[in-house]
Amino acid sequence: MRGRICGYTAKAGVKMAVAVVMGMTLASCGAIEIDNQARREGEPSESSSESEVGTPTKGNDGRMLQPEGHEGLWFETEPAGPWERYVWLSQKYVGDPVVLGQLEEGDAAAPFVGEPDICSDSVVERMGELGFSRIEGVDSTSIKTCRFVTGQSSYTSEVGFIDIAQRTDFEAIPFSPLEQKVGANAESVLREVPSFPSGLQCLGVFIPIGGSKELVLNAEISGRDESLPDYCRNTLIAYSVLNNIGIVQGEQ
């Protein structure tokens with residue numbers, strides 16, 4: 001069976017920010033098939049207490065093994081679901097985090113100057129290798145976004161969007177604790193926002209490498225009607241991709 005999945009874990013005490021991914025929904029979010037001999041979804045993976053993260057290795061049977069120190073969703077074999085596949089593809093970057101530039105005057109409004117450039121060339125390049133293209137985002141005095149889109153391919157016919165937002169009003173967002181059951185320890189990454197429009201009611205939270213302020217993440221598929229658990233699952237998948245390419249502080 002394809003798609004051997006090895007749970008989601010998160011380090012206790014790691015403060016994370018919100019990542020908002022607009023438009024990406026799982027084609028198979030309702031039922032991820034799990035190999036009987038793989039770890040159950042949500043079962044904590046063994047990891048090191050050190051911040052050092054190893055690089056993935058392949059077992060004799062071809063499985064991609066989760067390296068020591070890695071925190072998060074992990075697939076040992078290529079999954080059937082197109083959105084889970086992005087996580088699997090991004091696992092090759094684990095242990096080799098990107099180097100984020102710093103926003104300077106002229107790059108962004110004053111509130112964001114000095115913050116990590118989450119749309120650095122290295123991020124755009126890695127997302128491009130996974131099948132995502134950068135598109136124009138919001139650039140105002142209160143919100144600055146890095147937005148990606150993925151279109152039709154041999155793996156999916158649906159268009160998905162990822163939107164990572166730096167916001168000056170983060171503290172004012174009316175977050176509620178996660179109540180949806182979408183994966184073990186997802187509550188350390190996801191927040192519900194019942195007062196927001198349906199596609200934005202489940203957001204991710206993380207701090208980027210070199211940063212000190214929370215970001216916002218959301219994911220959905222264009223033109224699809226989704227439920228709240230679907231939105232949460234999408235955002236967890238998107239967070240896992242960003243974590244694997246190496247922009248999440250204290251993770252991988």
Side-chain angles (χ1 to χ4, degrees), residues 15-25 83 86 90 93 97-151 158-175 189-191 193 195-224 231 234-249 251:
K15 186 179 181 184
M16 287 179 283
V18 180
V20 180
V21 182
M22 310 286 298
M24 186 174 130
T25 299
W83 302 107
Y86 290 123
S90 68
Y93 300 119
V98 297
V99 176
L100 297 181
Q102 191 175 69
L103 293 171
E104 301 178 354
E105 291 185 15
D107 296 330
F112 305 112
V113 172
E115 290 298 310
D117 181 2
I118 54 176
C119 255
S120 294
D121 290 345
S122 55
V123 175
V124 174
E125 180 180 355
R126 287 192 174 183
M127 292 297 285
E129 291 174 353
L130 298 178
F132 289 89
S133 299
R134 181 186 175 185
I135 58 175
E136 183 177 359
V138 178
D139 191 358
S140 70
T141 57
S142 59
I143 300 176
K144 183 172 179 60
T145 67
C146 184
R147 183 169 294 172
F148 296 95
V149 62
T150 182
E158 297 166 312
V159 178
F161 301 89
I162 293 181
D163 192 37
I164 312 167
Q166 294 166 295
R167 305 177 59 125
T168 60
D169 65 345
F170 179 84
E171 298 298 333
I173 298 175
F175 292 118
V189 175
L190 304 179
R191 306 287 184 272
V193 193
S195 62
F196 276 18
S198 60
L200 298 173
Q201 289 182 351
C202 194
L203 306 177
V205 182
F206 75 93
I207 293 177
I209 289 177
S212 60
K213 298 178 181 178
E214 294 87 350
L215 307 184
V216 183
L217 170 72
N218 176 54
E220 73 181 90
I221 289 179
S222 179
R224 230 199 220 192
Y231 291 129
N234 300 340
T235 302
L236 184 62
I237 289 285
Y239 172 84
S240 299
V241 170
L242 298 178
N243 179 38
N244 287 344
I245 69 173
I247 73 170
V248 179
Q249 180 172 288
E251 285 293 293

With sequence neighbours left out, write down each residue that passes salt bridge (charged side-chain N to carboxylate O under 4.0 Å, His left out) with Asp139, or none if nothing qualifies. Lys144

Can you give me the closest heavy-atom contact between Ile245 and Ser90, atom names plus distance? CG2-CB, 4.3 Å

Is the distance between the ring centroids of Phe175 and Phe170 under 6.0 Å? yes

Are any non-hydrogen side-chain atoms of Val248 and Tyr239 less than 4.5 angstrom apart? yes

Can you name the closest pair of heavy atoms from Leu190 and Gly204 and give their distance? CD2-CA, 4.0 Å

Rounded to the nearest 0.5 angstrom, the CD-NZ distance for Gln166 and Lys213 is 9.0 Å

Taking side-chain contact (heavy atoms from CB on, under 4.5 Å) as the definition, give me every residue that meets it alongside Ser198, ordered by chain and number, with sequence neighbours left out. Tyr231

Which pairs would a plain distance check flag for residues 104-118, meaning a side-chain donor or acceptor within less than 3.5 Å of a matching protein atom at least two apart in sequence or in another chain?
from	atom 1	to	atom 2	distance (Å)
Asp107	OD2	Glu104	N	2.9
Asp117	OD1	Cys119	N	3.0

Taking the side chain as C-beta and beyond, is there a heavy-atom pair between Val123 and Leu100 under 4.5 Å? yes

Would a 4.5 Å heavy-atom cut-off, applied to side chains only, mark Ile207 and Ser212 as touching? no

Could you check if a side-chain atom of Ile173 sits within less than 4.5 angstrom of a side-chain atom of Arg167, using non-hydrogen atoms only? yes

In Å and rounded to the nearest 0.5 Å, what is the CD1 to CE distance from Ile164 to Met127? 6.5 Å

Would a 4.5 Å heavy-atom cut-off, applied to side chains only, mark Tyr86 and Ser240 as touching? no

Sequence neighbours excluded, which residues qualify as side-chain contact (heavy atoms from CB on, under 4.5 Å) partners of Ser142? Ser140, Thr168

Within the distance-only criterion (no hydrogens, no angle test), does the side chain of Thr145 pair as donor or acceptor with the backbone N or O of Gly137 below 3.5 angstrom? no

Could you pull out all residues at least two apart from Glu129 that satisfy side-chain hydrogen bond (donor to acceptor under 3.5 Å, both in side chains)? Tyr93

Quick one: side-chain contact (heavy atoms from CB on, under 4.5 Å) partners of Pro197, sequence neighbours excluded? Leu200

According to side-chain contact (heavy atoms from CB on, under 4.5 Å), who are the partners of Ser122, at least two apart in sequence or on a separate chain? Val98, Ser120

Determine yes or no for a side-chain-to-main-chain donor-acceptor pair under 3.5 angstrom, with Thr235 supplying the side chain and Cys202 the backbone. yes

From Ile143 atom CD1 to Asp169 atom CG, the distance as rounded to the nearest 0.5 Å: 6.0 Å

